[in-house]
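Residue numbers run from 1 in the order of the sequence given.
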Amino acid sequence: MSNAAAPATEGPDRSEAPAHVAIIMDGNGRWAAARGLPRAEGHRRGVEALRRVVRASHELGIRYLTIFSFSSENWSRPASEIGDLFGLLRRFIRNDLASLHRDGVKVRIIGEREGLESDICALLNEAEELTRDNTRLTLVVAFNYGSRQEIAKAAQKLAREIAEGKRDPATIDAETLGAHLDAPDIPDPDLIIRTSGEQRLSNFLMWQAAYSELVFVPIHWPDFDKAALESAIAEFARRERRFGGLVAKTAS
Ligand code: IPE
Ligand code: IPE
Ligand code: MG
């Protein structure tokens with residue numbers, strides 16, 4: 001990736017920045033519990049961390065930032081917590097969309113929209129529509145997202161094409177399946193960060209993570225900031241990516 005046209009910033013060499021960083025924003029509940037606060041407060045502070053990280057991503061020259069904001073499995077949480085999380089998404093879009101747009105951020109949403117309340121769907125559509133021509137940073141929000149569900153949906157689309165006589169099953173390869181996922185134009189993540197110490201993907205971007213570098217950090221998401229992002233990027237820069245070959249490729 002070339003950063004030739006990017007403005008200079010303080011901090012690490014921008015050429016170290018991975019093109020696509022994806023983050024599993026975990027630990028809001030534990031952050032709150034450690035302070036004797038309700039889980040909802042952890043989620044609210046998590047949105048503040050998100051704002052910081054979007055800004056830092058601009059500054060560090062990241063082109064794509066994907067964030068895991070609500071998983072298909074998070075429906076198993078108490079209704080009141082689901083209500084809090086949906087409320088925060090609504091507020092985030094209502095309060096922050098104009099400034100994201102001003103900053104040249106293009107918003108994309110991945111995940112299942114069917115079954116979501118119509119006002120949420122309208123907000124998601126509005127965010128994508130308003131920012132569709134922006135080019136500075138693409139913010140991909142994984143909302144009501146599960147990787148297995150995404151892959152199953154791609155399989156359904158392909159099966160439909162076959163049933164309609166538009167596709168020969170022999171044409172289905174990894175590239176074709178990948179092209180039927182939710183955001184096929186977005187490159188695979190170079191770096192996946194998970195906060196709060198858990199070392200698992202929890203059904204996040206499992207197809208796209210085939211050759212992502214994984215960095216697990218112990219801090220809870222509400223405490224994540226630009227320095228923590230820089231340190232994850234520095235760890236990424238030390239990794240050797242070989243993609244199955246023998247020769248190491250430089251980080252991004
Ligand atoms: C991440 O924090 C936010 C979501 C999963 C929506 P958690 O709510 O999972 O926080 P912990 O893992 O319980 O601490
Ligand atoms: C993953 O975190 C989902 C999001 C960050 C939105 P979880 O907290 O739901 O994951 P598990 O349950 O610990 O695996
Ligand atoms: Mg969690």
Side-chain angles (χ1 to χ4, degrees), residues 1 17-26 50 53 57 62-76 89 106-116 124 127-128 137-164 166-196 198-217 221 232-233 235-236 239-245 248-252:
M1 173 194 155
H20 184 173
V21 176
I23 307 184
I24 302 173
M25 311 183 291
D26 198 15
L50 173 60
V53 168
S57 298
I62 291 164
R63 304 301 313 277
Y64 302 89
L65 174 68
T66 298
I67 50 146
F68 202 4
S69 99
F70 189 85
S71 80
S72 308
E73 289 73 32
N74 287 148
W75 287 106
S76 63
L89 177 79
K106 177 175 184 158
V107 179
R108 296 282 299 274
I109 319 287
I110 57 173
E112 185 55 64
R113 307 238 188 141
E114 230 176 85
L116 292 180
L124 300 179
E128 287 193 312
L137 167 75
T138 299
L139 173 66
V140 183
V141 181
F143 186 75
N144 196 21
Y145 174 86
S147 195
R148 288 178 170 173
Q149 289 80 349
E150 181 189 31
I151 294 166
K153 214 166 39 177
Q156 265 184 27
K157 288 182 210 158
L158 287 164
R160 216 170 294 125
E161 291 175 16
I162 293 168
E164 289 166 0
K166 294 181 189 151
R167 176 176 290 283
D168 173 357
T171 64
I172 298 177
D173 55 14
E175 200 183 324
T176 315
L177 197 139
H180 285 72
L181 296 174
D182 286 359
D185 53 315
I186 291 181
D188 289 344
D190 300 289
L191 166 62
I192 297 181
I193 300 168
R194 182 168 186 150
T195 59
S196 215
E198 310 299 345
Q199 303 195 0
R200 55 177 172 265
L201 287 176
S202 301
N203 204 14
F204 184 52
L205 301 181
M206 295 192 300
W207 177 278
Q208 298 87 338
Y211 277 99
S212 304
E213 295 298 327
L214 309 181
V215 171
F216 301 104
V217 301
W221 175 248
I233 291 173
E235 166 68 29
F236 168 81
R239 303 276 177 91
E240 281 191 355
R241 305 183 78 188
R242 287 188 288 275
F243 299 97
K249 299 206 170 49
T250 47
S252 64

request  = Mind checking the CD1-OG1 spacing from I193 to T66? Nearest 0.5 Å is all I need.
outcome  = 11.5 Å
task = Determine whether F236 and D190 make a side-chain contact, defined as any pair of heavy atoms from C-beta on separated by less than 4.5 Å.
result = yes
request  = Determine whether I67 and V140 make a side-chain contact, defined as any pair of heavy atoms from C-beta on separated by less than 4.5 Å.
outcome  = no
Taking every non-hydrogen atom, the tightest pair across S212 and P189 = OG-O, 2.7 Å
query = Side chains of I186 and I110: closer than 4.5 Å at any heavy-atom pair?
reply = no
key: E161: partners by side chain to side chain donor-acceptor pair (under 3.5 Å), with sequence neighbours left out   = R167, H180
message = Please check: side-chain N/O of R239 versus main-chain N/O of L214, any donor-acceptor pairing under 3.5 Å?
response = yes
message = If I take atom CD from residue Q208 and atom CG from residue D188, how far apart are they, to the nearest 0.5 angstrom?
response = 6.0 Å
Distance, nearest 0.5 Å, that separates OG1 of T138 from CG of L65 = 10.0 Å
query = Under 3.5 Å, side chain of N144 to main-chain N/O of E112, donor-acceptor pair present?
reply = yes
request  = Apply the test side-chain contact (heavy atoms from CB on, under 4.5 Å) to residues V215 and L191: give CA-CA distance (whole Å), side-chain angles for both, the deciding distance (0.1 Å), then the verdict.
outcome  = CA-CA 7 Å; V215 171; L191 166 62; 3.5 Å; yes
D168 versus T171, side-chain donor and acceptor atoms under 3.5 Å = no
request  = Give a yes or no answer on whether the side chain of H20 reaches the backbone of P187 with a donor-acceptor pair at less than 3.5 Å.
outcome  = yes
task = Taking the side chain as every heavy atom from C-beta outward, state whether V141 and F68 have any pair of such atoms under 4.5 Å apart.
result = no
task = Check for a donor-acceptor pair, side chain of R194 on one end and backbone N or O of V217 on the other, with a separation under 3.5 Å.
result = no
inquiry  = Please evaluate residues I233 and I62 with respect to the criterion side-chain contact (heavy atoms from CB on, under 4.5 Å), reporting the C-alpha separation (whole Å), side-chain torsions for both, the decisive distance (0.1 Å), and the verdict.
reply    = CA-CA 10 Å; I233 291 173; I62 291 164; 3.9 Å; yes
task = Working to the nearest 0.5 Å, report the span between CZ of F70 and OH of Y145.
result = 15.0 Å
ask   = With N203, which residues qualify under side-chain contact (heavy atoms from CB on, under 4.5 Å), at least two apart?
value = E73, S147, R148, Q149, M206
key: Donor-acceptor pair, side chain of T195 and main chain of D26, under 3.5 angstrom   = yes
note = Value for CG (L181) from NZ (K153), rounded to nearest 0.5 Å, stands at 9.0 Å
key: NZ/NE/NH1/NH2 to OD/OE distance under 4.0 Å, E128 and R113   = yes
query = Is the side chain of S57 donor-acceptor paired with the backbone N or O of R63 at a distance under 3.5 Å, no angle test?
reply = no
ask   = Between A209 and L201, which heavy-atom pair has the shortest distance, and what is it?
value = CB-CD1, 4.4 Å
ask   = Between I192 and V21, is a side-chain contact (heavy atoms from CB on, under 4.5 Å) present by the stated rule, with each step listed?
value = CA-CA 6 Å; I192 297 181; V21 176; over 6 Å; no
query = What distance do L50 atom CG and S69 atom OG have between them, rounded to the nearest 0.5 Å?
reply = 8.5 Å
note = Between F216 and Q199 the two heavy atoms that sit nearest each other are CE2-CA, 3.5 Å
inquiry  = Under a 3.5 Å distance rule, please check whether D182 uses its side chain to pair with a backbone N or O of G111 as donor and acceptor.
reply    = yes
